[in-house]
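Every chain is numbered from 1, with letters handed out A, B, ... down the list of sequences. In what follows, every heavy atom counts, from backbone to side chain, and hydrogens, waters and symmetry copies are set aside.
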Number of protein chains: 4
Amino acid sequence: MTAAAPAPRGRAASRGRIDKRQAILDAAFTVFANRGYAGACMEEIAEVAGVAKHTVYNHLGDKESLFHAAMEAAGSAVMAENLALAEQLTVDQSAVASTAGGQADPVRTRLEDVGRLLLHQCCDPRSWALRRLLHAEITRFPDLLEAVWGRGADRLRQTLADRMARLSLAGLLRPCDPVEAAEQFLALLTGPMEARSQLGTRPVPDAERELVAHAAVSTFLRAYRDAAPGASPSPSSLPATA
Amino acid sequence: MTAAAPAPRGRAASRGRIDKRQAILDAAFTVFANRGYAGACMEEIAEVAGVAKHTVYNHLGDKESLFHAAMEAAGSAVMAENLALAEQLTVDQSAVASTAGGQADPVRTRLEDVGRLLLHQCCDPRSWALRRLLHAEITRFPDLLEAVWGRGADRLRQTLADRMARLSLAGLLRPCDPVEAAEQFLALLTGPMEARSQLGTRPVPDAERELVAHAAVSTFLRAYRDAAPGASPSPSSLPATA
Amino acid sequence: MTAAAPAPRGRAASRGRIDKRQAILDAAFTVFANRGYAGACMEEIAEVAGVAKHTVYNHLGDKESLFHAAMEAAGSAVMAENLALAEQLTVDQSAVASTAGGQADPVRTRLEDVGRLLLHQCCDPRSWALRRLLHAEITRFPDLLEAVWGRGADRLRQTLADRMARLSLAGLLRPCDPVEAAEQFLALLTGPMEARSQLGTRPVPDAERELVAHAAVSTFLRAYRDAAPGASPSPSSLPATA
Amino acid sequence: MTAAAPAPRGRAASRGRIDKRQAILDAAFTVFANRGYAGACMEEIAEVAGVAKHTVYNHLGDKESLFHAAMEAAGSAVMAENLALAEQLTVDQSAVASTAGGQADPVRTRLEDVGRLLLHQCCDPRSWALRRLLHAEITRFPDLLEAVWGRGADRLRQTLADRMARLSLAGLLRPCDPVEAAEQFLALLTGPMEARSQLGTRPVPDAERELVAHAAVSTFLRAYRDAAPGASPSPSSLPATA
DNA sequence: AATGAATGAGGATTCATTCAT
DNA sequence: TATGAATGAATCCTCATTCAT
């Protein structure tokens, strides 16, 4: 593994360092997630990472720093995924035009796709672990919010709000406060999952998540699509919710 | 201290016992909320409760039992309050009738009242502490969910669903799945608070909570009040649908 | 040991506590003396004291507090002994008078007695241990000086100065600054011991200490007894000066 | 840095080695003085010396060897200074003769000069640090005495004794045991400084040191100059002491 | 020769729990 | 029953020292 070719010394070395650092961060997140901050012990983290106890200290300082670093790493990974998803919430005009008068409902489809994916990510074990640790330690480490969400949560909402604004401008949603729309869209999606997944301790079947996503989008569209004459969101979807 | 009057021995004594037990439970919840389960120490709990360390053991057993008991006590208190609120979600017919054609919108008003109060309780420091501890320790104490929500969360949703069903039957809401309606109503209310209160570490001003409640109810009504052809969700059009 | 008779509860209990506390302090001083502050370990102290490690913490707090307490205890014991000695430096007039014209020299005798005893105490292993620890840790614990000497060293010098002043007033020493006299008397006594005992690591035989005491007193008297014209400092001439 | 001139390689290199070795020794002494032996850590020493940790091991072996070397280096430096001073204690006959019957007192002057300088060196921070470390570690490293004083302390006393003997032979001091005279001269000089400088933690003003030196010499001369008729040490100095 | 990473042992401290009163 | 003292296990962290480059 250390190499097909001898390779430039410096790079090989720092690559080793980086790998080890990453291994420690991963191990730390796993152990913290399992035991909580206070319950986690450095020894186990080192063990899981496959390094000596002191190596952990060399790389990432004391327990508190390690915790911050591990949370930040996990946080930015999760956030990046969420943002990437949110950015996919676009509906190109051609799709709309081409289906005018037909059965398809490209807005609904797109929302449901994005919703389903967001929900999928939110129910990811790592996401739940992150959220649980955040809740658990937020009072003792108030900086965590900034470190983990790092404007990320807000950015998610803002990104969604951007898309909502565009949809609204395009006449695909009624005029509305896009930030509020984003906030409520997220609430309708993720709100029900807390109870359904029992705070992340029960794996939610795909089908159930789809149901929730579908219901969220239906309600959202009912509320946010201009209730023009005959504007029941789309006849075909009604029976499912009712 | 309890000796001011001789008093019926038995009762005085057990009253003292009960008081002490309650004091310990309260102290335990406070300390656990501040330090987390692993970080809390029995000594501090005893200190806060004003009893000797060993007395804690006498009354409530070891740390784990104490934690369960404290969480259960706090949980049922919070749940009781929430249930009481949910049960208030009724709209008497006379009110509806008497305002027919007028400006008032008793359904909206009622929903907003209940929503505002639910939000108020959800933002209570004790509620947040409970939720944080639940998130924090759920993986290590899976029984907590049952002990704390004790079907309570579900009961809240069911109670709300009952009310929704009645409103729907009364024609005040469109035909719908009342459980889903309850779930989404709660989601629209409480979902936004997580970010806004920064996981309960930022006190949310009353005005902001009202805004959220108002927005939630508006969206909820747009989606759940029958959008008859040409039905704009504005309050003035309600009588027509009812 | 804890008692022939059951004895009054309270007293027996606190006596036990006090004994244990004292045992810990003694053990601590011993271990600190052997290993130095940083080199000493709480475990060994507990072992030597015959208690559990945590009991040490219960009684005397952390390592630093324990160190202070142990040093203070040892210091005041040593200081008390020294002061008691210094106070013995008196020459009653009758003794002086009754020996007039004779061979005896009560001032010299008294000084030598006190000097010998002071030297004896200064060479005590405990005294050396105390002095060594003081030197060793004074830069890291500047408060130690106050805690250990606690005006004690100064009080020793002052007490000696008092005696010197009386001797001077009585005409047994020439007029002089009594504080300076005391300081130099101590210097002549103890100064040579540092090298001779190799900083306290070599036991100094009694005979050698006596020699030093004798030399110190001789030099002191030569300098501090009025050198009247023609006064050779030889003992035989003493009566003439007195 | 060493590259200004190509320079004979061998010499430049070993010069570099020597410089580095010296830098490590200096750093070690500083750190040991600040933290004590057990409290010092190799890392800090390396840091202060500006080299990598392992370089310290390469040059000077393990912690114990390093300590010995650092103490020995500091010790011989201090000792050399002291010896150089002691050797200056000479009074040339011409000076004595030329001032016979006059006011000047060349013996006193010389003793005071030397005393003042010795005291100055004894109060040097490095001297105190050395003495403190010696006291601190003497029981764990009995060889230190030999390594640091390396017969140095004794040599100081012997050198002083030589001078005393010469003075005595020259009739400038009364007949006496020169070793004892040297010992007591040193005791009178340095004895008082321990308390006055608070074991070296308080900087003693020049004036105070001069006072001590003056008093020491006065007492020494009273005791060691033949108390021939009118032999009060020097009229001018009396008022000061009296 | 010099460096930086890695290690394993050891020590201070905290804590849940038990005993004696 | 209530208490305060005592315990032993467990945990974070530091340090002297070695290895690979």
Whole angstroms only, please: what is the [atom1]-[atom2] distance between [X] and [N]?
| X | N | atom1 | atom2 | result |
| --- | --- | --- | --- | --- |
| C:Arg35 | E:dG10 | CZ | C1' | 13 Å |
| C:His59 | F:dT7 | NE2 | P | 9 Å |
| B:Lys63 | E:dT17 | NZ | P | 8 Å |
| D:Tyr37 | F:dT14 | OH | C1' | 15 Å |
| D:Arg21 | E:dA2 | CZ | P | 13 Å |
| D:Asn58 | F:dA16 | CG | P | 16 Å |
| B:Glu64 | E:dC15 | CD | C1' | 16 Å |

Please list, chain by chain and in numerical order, all residues satisfying side-chain contact (heavy atoms from CB on, under 4.5 Å) with D:Val48, sequence neighbours excluded.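 In terms of side-chain contact (heavy atoms from CB on, under 4.5 Å), with neighbours along the sequence ignored, D:Val48 is linked to D:Ala27, D:Val31, D:Glu44.
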Are C:Asn58 and C:Thr55 close enough that a side-chain donor and a side-chain acceptor fall under 3.5 Å?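 Short answer, no.
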With a 4.5 Å cut-off on side-chain heavy atoms, are A:Leu60 and A:Leu25 touching?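 Contact flag for A:Leu25/A:Leu60 side chains = yes.
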Tell me whether B:Arg35 at atom CZ has more than 12 heavy atoms from other residues, nucleotides or ligands lying less than 6.0 Å away.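 Count not over threshold, so no.
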When the ring planes of A:His68 and A:Phe141 are compared, do they come out parallel, tilted or perpendicular, using 30° and 60° as the limits?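 It falls in the perpendicular class, over 60°.
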How are the rings of D:Trp128 and C:His135 set relative to one another: parallel (under 30°), tilted (30 to 60°) or perpendicular (over 60°)?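 If you compare the ring of D:Trp128 with that of C:His135, the planes turn out parallel.
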I need the C:Phe29 CZ to C:Leu66 CG distance, nearest 0.5 Å.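 Between atom CZ of C:Phe29 and atom CG of C:Leu66 there are 12.0 Å.
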D:Asp62 or A:Ala38: which one's nearest nucleotide on DNA chain F is closer to the 5' end?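 Nearest-nucleotide comparison on DNA chain F picks A:Ala38.
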Would you jot down, in residue-number order, the residues of residues 40-56 of chain B having a non-hydrogen atom under 4.0 Å from DNA chain E?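 Of all residues in residues 40-56 of chain B, the ones placing a heavy atom under 4.0 Å from DNA chain E are B:Ala40, B:Cys41, B:Met42, B:Lys53, B:His54.
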Among F:dT14, F:dA2, F:dT17, find the nucleotide with the atom closest to the side chain of A:Tyr57.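 It is F:dT14.
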Does A:Ser76 use its side chain to pair, donor to acceptor, with the backbone of A:Glu72 at less than 3.5 Å?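 Answer holds: yes.
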May I ask you to decide if A:Asn34's main-chain N or O and B:Arg140's side chain share a donor-acceptor pair within less than 3.5 Å?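 Side chain of B:Arg140 to backbone of A:Asn34: a pair is present.
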Given Watson-Crick or G-U pairs with both distances under 3.5 Å, what dot-bracket string fits DNA chain F, with | for other-strand pairs and [ ] for crossing? .||||||||||||||||||||
